[in-house]
Amino acid sequence: MSSHQKKMTFCGCVYTIVAKIPKGKVATYGQIARLAGNPKTARAVGMCMKINPFVPRVPCHRVVGSDGRLIGFSAGKGVKTKKDMLLAEGVQFRNDSVDLLQSQWNT
DNA sequence: AAACTGACTTCTC
DNA sequence: GGAGAAGCCAGTT
């Protein structure tokens, strides 16, 4: 096998998954963690989003909490900017939380 | 190699 | 439903 295969770090896998989230949909950290291989890596996923070296490529704003609640996102005005971006994509909101029943990424 | 940190999740009161 | 505590994982120091 070619040895030039970089060792896929956990974050690398996460970036690949998050980049696949369709527009107008959102995913929870736990869900991404599960897709990454282990449902308990939600915390690690958050860290990967924080460093997020591929900003437009990895729509970290489509990643929300288990309740669809907007957390993290230190960019711009914080969750406010995040909410605005999601609204622009057609994500349904309920107060300050995303309506996962309609806008959660359906894998 | 050990300890610390953090954009999480879940349980219990 | 809100507040507090525990568990888990990966990356950084």
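Chain A is the first sequence line, chain B the second, and so forth, proteins listed ahead of strands; every chain is numbered from 1.
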TODO: Kindly check if the number of other-residue, nucleotide or ligand heavy atoms within 6.0 Å of CG (A:Asp84) is above 12?
DONE: yes

Open item on the list: Regarding A:Phe73, tell me which of base, sugar-phosphate or nothing describes its non-hydrogen contacts under 4.0 Å with the strands shown.
Closed with: base

- [ ] Look at all strands and tell whether A:Cys60 reaches a base, only sugar-phosphate, or nothing, counting heavy atoms closer than 4.0 Å.
- [x] base

Mind calculating the distance between [atom1] ([X]) and [atom2] ([N]) to the nearest angstrom?
| X | N | atom1 | atom2 | value |
| --- | --- | --- | --- | --- |
| A:Arg69 | B:dT9 | CZ | P | 11 Å |
| A:Met49 | B:dT9 | CE | P | 13 Å |
| A:Asp67 | B:dT9 | CG | C1' | 9 Å |
| A:Arg34 | C:dC8 | CZ | C1' | 17 Å |
| A:Tyr29 | B:dT9 | OH | C1' | 13 Å |
| A:Ile32 | C:dC9 | CD1 | C1' | 15 Å |

TODO: Could you tell me whether the side chain of A:Thr41 and the main chain of A:Ala44 form a donor-acceptor pair under 3.5 Å?
DONE: no

Task: Short side-chain to backbone donor-acceptor contact, A:Thr16 and A:Gly12, under 3.5 Å - done: yes

- [ ] Can you spot which of A:Ile17, A:Val26, A:Ile32 makes a side-chain contact (heavy atoms from CB on, under 4.5 Å) with A:Trp105?
- [x] A:Ile17

Task: Candidates C:dG11, B:dC8, B:dG6 - which lies nearest the side chain of A:Lys50 - done: B:dG6

Open item on the list: Tell me whether A:Lys83 is salt-bridged to A:Asp96, with the criterion being a basic N under 4.0 Å from an acidic carboxylate O.
Closed with: yes

Task: Ionic contact status for A:Glu89 with A:Lys25, cut-off 4.0 Å - done: no

TODO: Side-chain contact test, heavy atoms from C-beta onward, threshold under 4.5 Å: evaluate it for A:Thr107 versus A:Arg34 and give yes or no.
DONE: yes

Open item on the list: Using side chain to side chain contact (heavy atoms under 4.5 Å, CB included), reason through A:Ser66 and A:Tyr29 one step at a time and then give a plain yes or no.
Closed with: CA-CA 7 Å; A:Ser66 59; A:Tyr29 290 92; over 6 Å; no

TODO: Can you sort out which residues in residues 83-101 of chain A have a heavy atom within less than 4.0 Å of DNA chain B? Ascending by number, please.
DONE: none

TODO: Check DNA chain B against residues 36-47 of chain A and give the residues with a non-hydrogen atom under 4.0 Å, in numerical order.
DONE: A:Ala42, A:Arg43, A:Ala44, A:Gly46

